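Everything on this sheet refers to the single structure shown next.
Chain identifiers are assigned alphabetically (A, B, ...) following the order of the sequence lines, protein sequences preceding nucleic acid strands; residue numbering begins at 1 within each chain. What you see is a predicted model, and the numbers here were worked out from it, not measured in a lab.
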Amino acid sequence: MKIVYMGTPDFAVAPLKALIENGYDVVGAFTQPDKPVGRKAVLTPPPVKVTALENNIPVFQPDTLKNGEGVKLLEDLKPDLCVVVAYGKILPEDFLAFPKYGCINIHGSILPEYRGAAPIQRSVLDGCEFAGVTAMQMDKGLDTGDMLLVEKTRILSDETSGDLYERLTVIGAEVLIKTLHLVENGELQPVKQDDSQSTYAAMLDKSMSPVDWTKSAQEIHNQIRGLDPWPVAQTVLNGKNLKLFRSSLVSDIGDGKPGEALPLKNGLAVFCGDGNAVLINEVQYEGKKRMKSADFLRGCPIEKGTILG
RNA sequence: CGCGGAGUAGAGCAGCUUGGUAGCUCGUCGGGCUCAUAACCCGGAGGUCAGGAGGUUCAAAUCCCCUCUCCGCAA
């Protein structure tokens, strides 16, 4: 079976490798064009491109698939199936219909919940108990296709989006291979999504970073882990930005006003709106490196009672 | 050449303006106190102060010049 793989970020690397290791004939890899990255704006190829090239798979980085541009490329590759994992572009209908088995997408949520761009982050942000990966048969809607296989996993209480991302990419690779076995054996049992239960996971942006300390400790904890590794929860200290990482909920440390800092032996605790507090285990002050908050306090003492934000 | 912060002991920082034998908090090692301790007390080790046999000077972590690296903002 000839497969065209379509994906861009790290999340899409493990599934691609799984295809290769399981002997599938990956005849081409579609990925986003190289983009400038970092302060120096170095032109960087997306992870999937790197992996594909290492395995001598032809790489395609079209700016658009619309107006028949995408199909034009498929006509040469003649895939039986397209596998799409976090590709980052909308596939037009003529493209979806081209391969014999259509296009199968690996999505980082338990559909129909969290359709869209940032399902993993949103599920951490919302404090969900479970996350998962769904394989689906793509249709013209956004993550609306029939579900082929679902795998769930429990979200750990201190897990960040980045942590969960790494776990789900592994699960995603497994789900993909299992789904392909079903395809090959003609055992697929597509299940329609219940649109009435669907939710949309919008892309994250930097405006979500500032912490509102009047929220509950649990909500703030979810924000800190959900926005890690990007865009990262942030507060203000001495007029400068302070990024917050690796929080945990603490109890029995007394009372304080929302945003009130409490320097502790093992790090920086901050009181929240519900009277509880979060312990911030790692911070990054403007212009400084990321470090343990206990280390930060050694060089930049914060008086008890200082209000953050 | 987008704006800005920073490189000093294992860690986090001060010292630089007003040059003159390197300091704080923590860790570490040894000892003491204690039923006990991540607590407390005493003592010790540990630094070519990012690099340039650079410039100024009697003397440079500190002033001037060049290079490298890290980071925040903006994209």
Side-chain angles (χ1 to χ4, degrees), chain A residues 8-11 31-50 61-64 86-89 117-118 121 125 157-158 160-163 165-166 202-213 217 220-221 223-256 259-271 276-309:
Chain A
T8 300
D10 290 319
F11 189 73
T31 191
Q32 296 274 4
D34 296 4
K35 283 184 178 165
V37 167
R39 220 183 319 273
K40 303 208 163 184
V42 178
L43 204 59
T44 306
V48 163
K49 177 178 181 178
V50 176
Q61 298 175 282
D63 287 323
T64 179
Y87 176 52
K89 283 192 191 303
Q121 296 90 323
L125 223 38
S157 60
D158 287 342
T160 65
S161 288
D163 297 334
Y165 202 85
E166 285 181 25
M203 214 178 296
L204 307 186
D205 69 85
K206 290 197 173 190
S207 69
M208 302 171 68
S209 290
V211 172
D212 174 2
W213 295 105
I220 290 169
H221 174 58
Q223 178 182 358
I224 291 172
R225 63 200 187 101
L227 298 186
D228 180 355
W230 192 90
V232 182
Q234 198 169 288
T235 191
V236 178
L237 171 66
N238 302 327
K240 292 185 179 177
N241 292 328
L242 185 70
K243 294 188 174 183
L244 312 173
F245 303 89
R246 294 291 170 186
S247 56
S248 45
L249 298 172
V250 290
S251 51
D252 301 326
I253 59 168
D255 297 313
E260 184 176 333
L262 180 63
L264 296 176
K265 191 95 189 169
N266 56 342
L268 175 66
V270 186
F271 289 102
N276 294 315
V278 287
L279 177 64
I280 312 298
N281 290 294
E282 293 180 28
V283 298
Q284 183 168 13
Y285 198 43
E286 200 172 311
K288 297 289 188 180
K289 290 182 185 174
R290 173 173 171 173
M291 65 183 78
K292 290 270 182 5
S293 64
D295 287 342
F296 176 69
L297 290 172
R298 237 166 252 130
C300 180
I302 297 176
E303 283 182 39
K304 185 180 183 307
T306 300
I307 302 294
L308 302 179

Distance check, P atoms only: B:A53 and B:U67, in whole angstrom units.
15 Å
Rounded off to whole Å, could you give me the CZ-to-C1' distance for the A:Phe296 and B:C71 pair?
14 Å
For the P atoms, the ones on B:C71 and on B:G54, what distance do you get once it is rounded to whole angstrom?
31 Å
As a test of reading the structure: which of B:C26, B:A6, B:C73 is closest to the side chain of A:Asn241, going by heavy atoms?
B:C73
Round to a whole Å and report the spacing from CZ of A:Phe245 to P of B:G72.
8 Å
Could you tell me how far apart A:Glu286 (CD) and B:C70 (P) are, to the nearest whole angstrom?
19 Å
May I have the distance from A:Leu264 (atom CG) to B:U25 (atom C1'), rounded to whole angstrom?
16 Å
The Watson-Crick or G-U wobble partner of B:G4, with both key distances under 3.5 Å, is B:C71
Assigned partner base of B:U34, Watson-Crick or wobble definition, under 3.5 Å:
none
Using both distances under 3.5 Å as the test, list the Watson-Crick or G-U wobble partner of B:G47, or none.
none
Pick the C1' atom in B:G20 and in B:A61, then give their distance to the nearest Å.
13 Å
Could you tell me whether the phosphate oxygens of B:C26, OP1 or OP2, come under 4.0 Å of any side-chain nitrogen or oxygen in A:Lys265?
no
Atom C1', compared across B:A14 and B:A9: separation rounded to whole Å
14 Å
Taking atom C1' in both B:G4 and B:A74, compute the distance separating them and give it to the nearest angstrom.
11 Å
Heavy-atom nearest nucleotide on RNA chain B taken for A:Lys240 and for A:Tyr285; more 5' hit belongs to A:Lys240
Determine whether more than 12 heavy atoms belonging to other residues, nucleotides or ligands lie under 6.0 Å from atom CG of A:Asp255.
no
A:Asp205 atom CG is separated from B:A74 atom C1', nearest whole Å, by 16 Å
Base, sugar-phosphate or nothing for A:Lys35? Non-hydrogen atoms, less than 4.0 Å.
nothing
May I ask you to say what A:Lys292 touches in the nucleic acid, namely base, sugar-phosphate or nothing, with a heavy-atom cut-off under 4.0 Å?
nothing
Please measure how far the C1' atom in B:C63 lies from the corresponding atom in B:U25, and state the result in whole Å.
30 Å
Specify the separation, in whole Å, of atom CZ of A:Arg290 and atom C1' of B:G72.
15 Å
Can A:Ser247 and A:Asn281 be counted as having a side-chain donor-acceptor contact under 3.5 angstrom?
no
Taking the side chain of A:Gln284 as its heavy atoms from C-beta onward, which of B:C71, B:A74, B:G12 lies nearest to it?
B:C71
Quick one: A:Arg298 CZ to B:U28 P, roughly how many Å, whole number?
11 Å
For A:Thr235 and A:Trp213, does a side-chain donor sit closer than 3.5 Å to a side-chain acceptor?
yes
One thing to verify: whether A:Arg290 and A:Glu282 come together as a salt bridge, which I'm taking to mean a side-chain N less than 4.0 angstrom from a carboxylate O.
yes
Nucleotide forming a Watson-Crick or wobble pair with B:C58, both distances under 3.5 Å:
B:G20
Are a donor atom and an acceptor atom from the side chains of A:Gln61 and A:Lys49 found within less than 3.5 Å of each other?
yes
Rounded to the nearest angstrom, tell me the gap between atom CG in A:Leu297 and atom C1' in B:G27.
16 Å
Taking the same atom, P, in B:G52 and in B:A60, what whole-Å distance lies between them?
15 Å
When you compare B:U17 with B:U62, how far apart are their P atoms, in angstrom units rounded to a whole number?
10 Å
Using a cut-off of less than 4.0 Å, is there contact between a side-chain N or O of A:Lys289 and OP1 or OP2 of B:C13?
no
Where is the tightest heavy-atom contact between A:Ser293 and A:Leu268, given as atom of each residue plus distance?
OG-N, 3.1 Å
